[in-house]
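Have a look at the structure below, then the notes.
Computed from a prediction, not measured in an experiment: that's the story for all the values here.
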Amino acid sequence: MELTAAERAVLDRFAEKCRIAGGPRAGYLMRRRSIRYFQDRTPELDLDQGIAGLVEKGLLKQSEGGDLLFLSAAGVERLTAAAHAGAG
């Protein structure tokens, strides 16, 4: 499945944080503001749209209020596949 640049930027943020935490796992939590914190690095990307796209594709889940984002099992698979592709 193809990802937009904004979706890739959001997943990259998850990947960065997961590496620090010992690797990706389903249920890994990030706050929406933690992702938007880096909006100034990529002002041309709509990170909120990226989040919405990843939720729609099933790679992320969000809390009812939308402030908390969780990595889904499909998101873990995507990050793991990307890490293996980059290692080769």
Side-chain angles (χ1 to χ4, degrees):
M1 116 185 44
E2 279 297 309
L3 299 179
T4 67
E7 291 168 344
R8 283 192 308 273
V10 172
L11 265 189
D12 286 348
R13 181 74 174 129
F14 264 90
E16 175 185 336
K17 292 304 236 177
C18 285
R19 271 193 304 276
I20 293 168
R25 63 186 180 284
Y28 186 84
L29 163 74
M30 283 186 69
R31 294 184 183 281
R32 184 179 288 265
R33 70 174 178 233
S34 295
I35 293 169
R36 276 201 239 125
Y37 180 78
F38 291 94
Q39 182 68 57
D40 60 333
R41 289 186 187 173
T42 54
E44 71 282 2
L45 300 179
D46 183 343
L47 297 182
D48 285 325
Q49 187 67 32
I51 291 167
L54 292 170
V55 169
E56 184 177 309
K57 291 175 179 169
L59 300 177
L60 295 181
K61 297 178 181 182
Q62 65 182 350
S63 64
E64 281 190 37
D67 292 334
L68 302 176
L69 302 163
F70 304 90
L71 193 58
S72 70
V76 170
E77 289 177 23
R78 180 71 183 225
L79 289 180
T80 302
H84 288 291

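Residues that satisfy the salt bridge (charged side-chain N to carboxylate O under 4.0 Å, His left out) test with Glu77, not counting sequence neighbours, are absent from this structure.
Rounded to the nearest 0.5 angstrom, Leu69 CG and Leu59 CG are separated by 12.5 Å. Atom CG of Asp67 and atom CE of Met30 lie 13.5 Å apart (nearest 0.5 Å). One finds the NZ atom of Lys57 at 12.5 Å from the OG atom of Ser72 (value rounded to the nearest 0.5 Å). Rounded to the nearest 0.5 Å, atoms CZ (Arg36) and CG (Asp46) are 9.5 Å apart. How far CG of Leu47 is from CD of Gln39: 4.0 Å, rounded to the nearest 0.5 Å. With rounding to the nearest 0.5 Å, the separation of CG in Leu29 from CG in Leu68 is 5.5 Å.
Between Phe70 and Gly27, the closest heavy-atom pair is CD2-O, 3.6 Å. In terms of heavy-atom proximity, Leu45 sits nearest to Ala6 at CD2-N, 4.0 Å. Heavy atoms only, all atoms of each residue included: Pro24 and Val76 are closest at O-CG1, 4.1 Å.
Applying the salt bridge (Lys or Arg N to Asp or Glu O under 4.0 Å) test to residues at least two apart or on different chains, the pairs with a partner in residues 18-34 are Arg32-Asp48.
At most 12 non-hydrogen atoms from other residues, nucleotides or ligands lie less than 6.0 angstrom from CD of Glu2. Other residues, nucleotides and ligands place no more than 12 heavy atoms under 6.0 Å from the NZ atom of Lys61.
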Next item on the list: Take Phe14 and Leu54, measure what side chain to side chain contact (heavy atoms under 4.5 Å, CB included) needs, and give me the verdict at the end.
Entry: CA-CA 12 Å; Phe14 264 90; Leu54 292 170; over 6 Å; no

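The hydrophobic clustering, which links ILVMFWY residues whose side-chain heavy atoms are closer than 4.5 Å, places Tyr28 and Ile20 apart.
For the pair Arg78/Leu3, a side-chain contact is recorded, criterion being any heavy-atom separation below 4.5 Å from C-beta on.
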